[in-house]
Amino acid sequence: MPKVRRSRKQPPDGWELIEPTLEELEQKMREAETEPHEGKRITESLWPIFKIHHQKTRYIYDLYYRRKAISRELYDYCLKEKIADGNLIAKWKKSGYENLCCLRCIQTRDTNFGTNCICRVPKSKLEEGRIVECVHCGCRGCSG
């Protein structure tokens with residue numbers, strides 16, 4: 001099984017603790033990329049990839065900011081090697097964006113009316129029983 005992509009630079013201490021989980025997520029990513037997409041909309045075929053990307057980034061974020069289980073050097077290494085998404089983590093640190101599913105949901109240029117995605121609307125503001133599904137990543141509501 002191929003390893004998680006890395007540069008030639010030696011990873012910092014603690015890498016061996018997170019490597020098995022990252023390899024497992026990388027394997028899921030490869031399976032999602034090769035999954036057949038017949039019968040799905042173009043955006044629907046990308047939803048599993050967005051989900052796995054979110055999982056991998058959230059894993060690194062939780063280890064560093066919540067559990068404090070990895071060092072700053074290892075965290076910076078994961079961001080530099082693009083194992084985790086630094087821009088998404090930067091949004092998670094801001095108030096109101098703690099549960100953000102992907103960056104496309106807050107980009108106003110991707111919507112018809114220059115607003116956020118429907119998954120960013122609080123469930124209390126939506127009609128009762130209405131099922132919301134993001135067009136970009138398949139999220140069912142990341143506003144909390």
Side-chain angles (χ1 to χ4, degrees), residues 1-12 14-67 69-71 73-94 96-144:
M1 169 164 62
K3 302 272 187 200
V4 175
R5 62 184 164 107
R6 296 190 332 228
S7 65
R8 295 179 192 262
K9 184 180 175 192
Q10 192 71 353
W15 172 255
E16 56 279 346
L17 299 174
I18 66 171
E19 188 177 24
T21 305
L22 293 176
E23 284 181 3
E24 179 184 325
L25 289 170
E26 194 68 28
Q27 179 64 30
K28 285 182 183 177
M29 181 71 84
R30 274 189 233 97
E31 289 171 5
E33 288 171 349
T34 59
E35 184 179 289
H37 58 272
E38 289 82 22
K40 294 182 181 177
R41 294 180 292 178
I42 294 172
T43 56
E44 279 183 21
S45 62
L46 297 176
W47 290 353
I49 295 170
F50 275 108
K51 183 180 174 190
I52 295 167
H53 174 73
H54 178 274
Q55 282 179 328
K56 195 185 313 184
T57 303
R58 182 58 82 169
Y59 175 69
I60 299 296
Y61 173 81
D62 285 342
L63 283 177
Y64 183 70
Y65 286 104
R66 298 234 170 111
R67 293 195 278 166
I70 61 174
S71 65
E73 294 83 29
L74 183 56
Y75 173 74
D76 288 339
Y77 177 81
C78 289
L79 293 182
K80 195 177 93 181
E81 295 295 320
K82 304 214 185 294
I83 295 169
D85 188 349
N87 293 326
L88 188 56
I89 290 175
K91 287 294 181 187
W92 284 339
K93 292 191 284 185
K94 293 183 179 179
Y97 294 98
E98 295 89 2
N99 297 321
L100 183 65
C101 54
C102 69
L103 292 173
R104 290 186 67 190
C105 289
I106 58 171
Q107 291 176 343
T108 57
R109 66 171 187 211
D110 291 341
T111 59
N112 292 339
F113 301 107
T115 59
N116 287 336
C117 183
I118 188 70
C119 69
R120 296 293 301 156
V121 176
K123 292 187 193 263
S124 62
K125 305 273 189 210
L126 294 172
E127 301 168 7
E128 283 292 319
R130 181 174 179 190
I131 297 174
V132 175
E133 194 170 62
C134 175
V135 178
H136 304 296
C137 63
C139 167
R140 294 189 183 263
C142 61
S143 61

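Each residue takes its place number in the sequence, starting with 1.
Glu26 has its side chain within reach of Lys56: a pair of non-hydrogen atoms, C-beta onward, lies under 4.5 Å apart. Counting heavy atoms from C-beta outward, Thr108 and Thr115 have side chains that stay 4.5 Å or more apart. The closest side-chain heavy-atom distance from Cys105 to Cys137 is below 4.5 Å. Looking at heavy atoms from C-beta onward, Lys40 lies out of side-chain contact with Trp47 at the 4.5 angstrom threshold. Contact annotation: the side chain of Lys9 approaches that of Lys80 to within less than 4.5 Å [non-hydrogen atoms, C-beta and beyond]. For the pair Val132/Val121, no side-chain contact is recorded, criterion being any heavy-atom separation below 4.5 Å from C-beta on. For the pair Leu22/Tyr59, a side-chain contact is recorded, criterion being any heavy-atom separation below 4.5 Å from C-beta on.
In this structure, Glu127 places its CD atom where only 12 or fewer heavy-atom neighbours from other residues, nucleotides or ligands lie under 6.0 Å away. Few gaps surround NZ on Lys93; more than 12 heavy atoms of other groups in view lie less than 6.0 Å from it.
Distance alone, capped at 3.5 Å, is enough to place a donor-acceptor pair between the Glu98 side chain and the Gly96 backbone. Side chain of Arg120 to backbone of Cys142: a donor-acceptor contact under 3.5 angstrom is found.
Between Tyr75 and Tyr64, the two ring planes are parallel [angle under 30°; tilted spans 30° to 60°].
Thr57 and Trp92 make their closest contact through CG2-CZ3, 3.6 Å (heavy atoms, listed as atom of the first residue, atom of the second, distance).
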